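Throughout, numbering of the chain's residues begins at 1 and tracks the sequence. What you see is a predicted model, and the numbers here were worked out from it, not measured in a lab.
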Amino acid sequence: MIFGERAIEETHYDILSVRVDASYEEIRTGYRSAILNYHPDKLQNTSELSDHDHESGDRFLKVQKAWEILSNSRSRAVYDSELRALRQGMIAAEDVSLEDMMIEDNGEVLDLFYKCRCGDCFSIDSMELDDMGYTLLKNGNKISLQSPDTSPASVILPCGSCSLHVRLLVNADIEVTADGHL
């Protein structure tokens with residue numbers, strides 16, 4: 001789900017022909033309609049497929065991916081966050097991983113920080129990550145990140161003071177020792 005720094009040609013919402021603020025039911029209706037139009041069983045049963053048939057097959061896969069992301073509230077939240085950042089023209093100053101972050105344990109919440117060149121920092125906490133479908137678990141001095149999906153994802157983090165942003169690359173199933181860094 002990393003968008004990169006280019007403009008988006010077509011969003012998952014476009015693929016399913018729904019608005020960005022569509023309800024789950026509207027998304028499901030859009031998916032059902034799109035899947036019927038591009039299902040491979042609707043393609044001609046010939047040994048040579050035309051270019052149109054190949055395009056329909058590719059479109060079918062895009063419809064499946066759009067449904068996979070938008071039907072899950074957590075993956076949709078991550079997707080929407082990245083989409084908003086991209087539409088606002090935010091270009092990440094750099095990519096950072098969870099291992100690059102400093103950690104502060106505030107009891108029930110783990111705060112993650114990355115120092116900005118202006119002196120302030122980029123931050124996210126374990127509750128925000130949990131809302132996106134990623135769970136930070138602390139067991140003694142070990143911290144692990146768990147995710148239902150093993151696909152890498154990213155989150156755009158703004159600096160607390162300046163206009164810089166970093167892209168936090170989220171890789172699931174990591175485990176590190178808590179020594180100030182993840």
Student: List in chain and number order the residues that pass ring pair (Phe, Tyr, Trp, His ring centres under 6.0 Å) with Y31, two or more places apart in sequence or in another chain; answer none if no residue qualifies.
Tutor: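 Checked Y31 against ring pair (Phe, Tyr, Trp, His ring centres under 6.0 Å); matches are W67.
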
Student: Residues two or more places apart in sequence or in another chain: which of them pass side chain to side chain contact (heavy atoms under 4.5 Å, CB included) with C116?
Tutor: C118, F122, C159, C162, L164

Student: If you apply the rule side-chain contact (heavy atoms from CB on, under 4.5 Å), what do you find for L129 with I124, and how did you get there?
Tutor: CA-CA 7 Å; L129 285 169; I124 192 165; 3.9 Å; yes

Student: If I compare all heavy atoms of A34 with all of L16, which pair ends up nearest, and what's the gap?
Tutor: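 Between these two residues, the closest heavy atoms are CB-CD2, 4.4 Å.
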
Student: Step by step, would you call R59 with N37 a side-chain contact (heavy atoms from CB on, under 4.5 Å)?
Tutor: CA-CA 9 Å; R59 188 69 174 178; N37 290 331; over 6 Å; no

Student: Go through the structure and list residues passing side chain to side chain donor-acceptor pair (under 3.5 Å) with T29, not counting sequence neighbours.
Tutor: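 Here no residue qualifies.
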
Student: Return the minimal non-hydrogen interatomic distance between C121 and F113, and the atom names on each side.
Tutor: SG-CD2, 3.5 Å

Student: For a quick test of your reading: what N or O donor-acceptor pairs under 3.5 Å do the side chains of residues 105-112 make, sequence neighbours left out?
Tutor:
unit_1 : atom_1 : unit_2 : atom_2 : d
D105   : OD1    : G107   : N      : 3.0
D105   : OD2    : K138   : NZ     : 2.7
N106   : ND2    : D111   : OD2    : 2.1

Student: Hey, mind stepping through L157 and H165 against side-chain contact (heavy atoms from CB on, under 4.5 Å) and telling me if it holds?
Tutor: CA-CA 5 Å; L157 301 176; H165 295 79; over 6 Å; no

Student: Suppose the criterion is salt bridge (charged side-chain N to carboxylate O under 4.0 Å, His left out): which pairs have a residue in residues 16-33, not counting sequence neighbours?
Tutor: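 Non-adjacent pairs meeting salt bridge (charged side-chain N to carboxylate O under 4.0 Å, His left out): R19-D21, R19-E26, E25-R28.
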
Student: Could you tell me whether the side chain of R167 reaches within less than 4.5 Å of the side chain of V96, counting heavy atoms only?
Tutor: no

Student: Kindly compute the distance separating CD1 (I27) from CD1 (I69), expressed to the nearest 0.5 Å.
Tutor: 11.5 Å

Student: Measure across S75 and E68 and return the closest heavy-atom pair with its distance rounded to 0.1 Å.
Tutor: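 What the structure gives for the nearest pair is OG-O, 3.8 Å.
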
Student: Using side chain to side chain contact (heavy atoms under 4.5 Å, CB included) as the criterion, list what pairs up with S17, not counting sequence neighbours.
Tutor: none

Student: Quick one: does any side-chain atom of S33 pair with a main-chain N or O of G30 as donor and acceptor, under 3.5 Å?
Tutor: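 The answer is no, because no donor-acceptor pair under 3.5 Å joins these two groups.
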
Student: Tell me whether V63 is reachable from Y24 by hopping between hydrophobic residues (I, L, V, M, F, W, Y) whose side-chain heavy atoms are closer than 4.5 Å.
Tutor: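 Y24 and V63: one cluster.
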
Student: Would you tell me whether R76 and Y13 have side-chain atoms, one donor and one acceptor, within less than 3.5 Å of each other?
Tutor: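 Yes.
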
Student: Quick one: does L83's side chain get under 4.5 Å of H12's, heavy atoms only?
Tutor: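 No - every pair of side-chain heavy atoms lies 4.5 Å or more apart.
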
Student: By the side chain to side chain donor-acceptor pair (under 3.5 Å) test, which pairs, at least two apart or in different chains, include something from residues 114-125?
Tutor: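 Found E94-Y114, D120-S161.
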
Student: When you measure from the side chain of D14 to the backbone N and O of T11, does any donor-acceptor pair fall under 3.5 Å?
Tutor: yes

Student: Is there a donor-acceptor pair closer than 3.5 Å between any side-chain N or O of D100 and the backbone N or O of S97?
Tutor: yes

Student: Just verifying a value: how many Å separate L70 CG and K65 NZ, rounded to the nearest 0.5 Å?
Tutor: 10.5 Å

